[in-house]
Amino acid sequence: AERTAASRLLVGQRRWVQMPFKMPPRFPTVNASPTNGAVLRNFGFGDWLWVAVFTTGTGALGFLGGKPIRRPAFFYMSAVGFVLSVAGRFRVNEYKLLGYYPNPAECARAGIEFKALRPPVGLEL
């Protein structure tokens, strides 16, 4: 019997699935295959400030919206805000290293000339 892709994954065959980019990078690639550590080391002051502000804001919303149980709502929403903001900034920094997001500071640090390699297509920056 022919197995579907979903049933093959359930049987235990491992498969690495990545979303492919259809266009080449628009900016110079600093690291073609960044590890999680490389992406986290690329976080700057502005990224951590974004994480802190977003975490504080979601915690405040949890406090304001959690009338009978304000403290647990505050801590829960702060944790959710922290995870979401780190994940968002992680993606931005990964795209900077891959060359899909403007990366002048990363290029300067790596000694690469920063220039647009192709014109923007669609909704690109």
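Asn103 contributes a side-chain N or O that, together with a main-chain N or O of Pro28, makes up a donor-acceptor pair within less than 3.5 Å. The closest donor-acceptor contact from the side chain of Thr29 to the backbone of Ala32 lies at 3.5 Å or more, if one exists at all.
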Could you give the side-chain donor-acceptor pairs of residues 66-79 under 3.5 Å, partners two or more places apart or in another chain?
residue : atom : partner : partner atom : Å
Arg70   : NH1  : Phe63   : O            : 2.7
Ser78   : OG   : Phe74   : O            : 2.8

Would you tabulate the side-chain donor-acceptor contacts of residues 81-92 under 3.5 Å, counting partners in other chains and residues two or more places apart, or write 'none'?
residue : atom : partner : partner atom : Å
Ser85   : OG   : Gly81   : O            : 2.9
Ser85   : OG   : Phe82   : O            : 3.0
Arg89   : NE   : Asp47   : OD1          : 3.0
Arg89   : NH2  : Asp47   : OD1          : 2.8

Please list every donor-acceptor pair under 3.5 Å in which a side-chain atom of residues 106-115 meets a protein atom from a residue at least two apart or in another chain.
residue : atom : partner : partner atom : Å
Glu106  : OE2  : Asn42   : ND2          : 3.3
Arg109  : NH1  : Asn42   : OD1          : 3.2

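Hydrophobic side-chain contacts under 4.5 Å tie Phe45 into a cluster, directly or through other members, with Leu49, Val53. Grouped with Met23 in one hydrophobic cluster are Val121, the linkage being side-chain heavy-atom contacts under 4.5 Å among Ile, Leu, Val, Met, Phe, Trp and Tyr residues.
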Any chance you could lay out the side-chain contact (heavy atoms from CB on, under 4.5 Å) test for Val80 and Thr58, step after step, and finish with the verdict? CA-CA 8 Å; Val80 169; Thr58 55; over 6 Å; no
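Hydrophobic clustering of Ile, Leu, Val, Met, Phe, Trp and Tyr side chains at less than 4.5 Å, counting indirect connections, unites Val51 with Val39.
One finds the CG atom of Leu97 at 9.0 Å from the OG1 atom of Thr35 (value rounded to the nearest 0.5 Å). Atom OH of Tyr100 sits about 9.0 Å away from atom OH of Tyr95, to the nearest 0.5 Å. From Glu94, atom CD reaches atom CG of Leu40 across 10.5 Å, with rounding to the nearest 0.5 Å.
Counting heavy atoms from C-beta outward, Trp48 and Phe43 have side chains that approach closer than 4.5 Å. At a threshold of 4.5 Å between non-hydrogen side-chain atoms, the residues Pro34 and Leu98 count as touching.
Take Arg118 and apply the salt bridge (Lys or Arg N to Asp or Glu O under 4.0 Å) test, not counting sequence neighbours, and it matches Glu124.
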